[in-house]
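Here's the structure, in structure tokens; my notes come after.
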Amino acid sequence: MKSRAAVRAWEIRQMQHARGVWFRLERALAFSRTVLLISAADAGMLAERGFVMLAAGLELEPKRRLFVVPESDLPSLEGAREIKPRETTALLASPAAILVPFESVAETAIAEARL
């Protein structure tokens, strides 16, 4: 029981470090069916069109522009490369990405991205 309490205390402490950015990023990835790695130019175009940007991506260093876009609203991007949400190394190496949520949680994922 004591070891479980110690682990839980450590997890709570980690959520408070870096304003919980890792916890929020993991949650967004859990809602995502797929991830598309995009160029900085494509990210600028998405920002101009008003797509929702994941706040947690802007809190990373260096900052990453991570967009949450439902599959129905997904624009066609030539240089986009699809990866699985669990491939976080490739995600963090890219300057920008699109997180495509599952259809059943798209509204929830977009609402939470704004936090």
Side-chain angles (χ1 to χ4, degrees):
M1 186 74 140
K2 286 183 181 181
S3 64
R4 274 195 236 156
V7 168
R8 184 69 181 145
W10 179 84
E11 289 173 347
I12 290 171
R13 204 169 45 248
Q14 293 306 308
M15 282 190 271
Q16 294 169 353
H17 288 290
R19 292 175 281 183
V21 69
W22 293 111
F23 175 76
R24 287 182 284 133
L25 181 60
E26 286 176 344
R27 187 168 171 91
L29 289 172
F31 283 144
S32 300
R33 183 182 58 75
T34 189
V35 176
L36 299 171
L37 302 180
I38 58 173
S39 67
D42 289 338
M45 183 266 305
L46 290 173
E48 286 175 6
R49 289 189 183 177
F51 284 100
V52 177
M53 200 177 319
L54 186 67
L58 298 175
E59 295 175 17
L60 296 171
E61 193 58 46
K63 296 181 184 333
R64 286 164 183 83
R65 298 167 89 180
L66 305 175
F67 296 89
V68 179
V69 181
E71 192 167 14
S72 59
D73 297 339
L74 201 59
S76 61
L77 302 169
E78 287 184 20
R81 182 172 66 105
E82 186 174 338
I83 63 170
K84 301 283 185 206
R86 65 179 173 267
E87 297 178 36
T88 54
T89 305
L91 173 65
L92 294 176
S94 176
I98 298 173
L99 306 178
V100 181
F102 292 101
E103 287 185 32
S104 59
V105 294
E107 289 182 25
T108 304
I110 290 171
E112 288 197 4
R114 293 186 174 130
L115 300 179

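From a predicted model like this one, the values you see are computed outputs, not experimental measurements.
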Quiz prompt | Euclidean distance, Met45 CE relative to Glu48 CD, rounded to 0.5 Å | solution = 8.5 Å

Quiz prompt | side chain to side chain donor-acceptor pair (under 3.5 Å) partners of Thr34, counting only residues at least two apart | solution = Glu82

Quiz item: Is the number of heavy atoms from other residues, nucleotides or ligands under 6.0 Å of Glu103 CD greater than 12?
Solution: no

Quiz item: How far apart are the closest heavy atoms of Leu37 and Ala90, and which atoms are they?
Solution: CD1-O, 4.0 Å

Quiz prompt | Nearest-0.5 Å distance that lies between atom CD in Glu59 and atom CG in Leu54 | solution = 9.0 Å

Quiz prompt | Least distance between heavy atoms, Ala97 atom then Val35 atom | solution = CB-CG1, 4.0 Å

Residues 64-81, side-chain donor-acceptor partners within the protein, below 3.5 Å, at least two apart:
| unit_1 | atom_1 | unit_2 | atom_2 | d |
| --- | --- | --- | --- | --- |
| Arg64 | NE | Leu92 | O | 2.6 |
| Arg64 | NH1 | Pro62 | O | 2.5 |
| Arg64 | NH2 | Leu92 | O | 2.5 |
| Glu71 | OE1 | Arg33 | NH2 | 3.1 |
| Glu71 | OE2 | Arg33 | NH2 | 3.1 |

Quiz prompt | Asp42 vs Ile98 side-chain heavy atoms within contact, under 4.5 Å | solution = no

Practice problem: Measure across Ser39 and Ala96 and return the closest heavy-atom pair with its distance rounded to 0.1 Å. | Solution: O-CB, 4.1 Å

Quiz item: Between Leu29 and Pro85, which heavy-atom pair has the shortest distance, and what is it?
Solution: O-CB, 3.7 Å

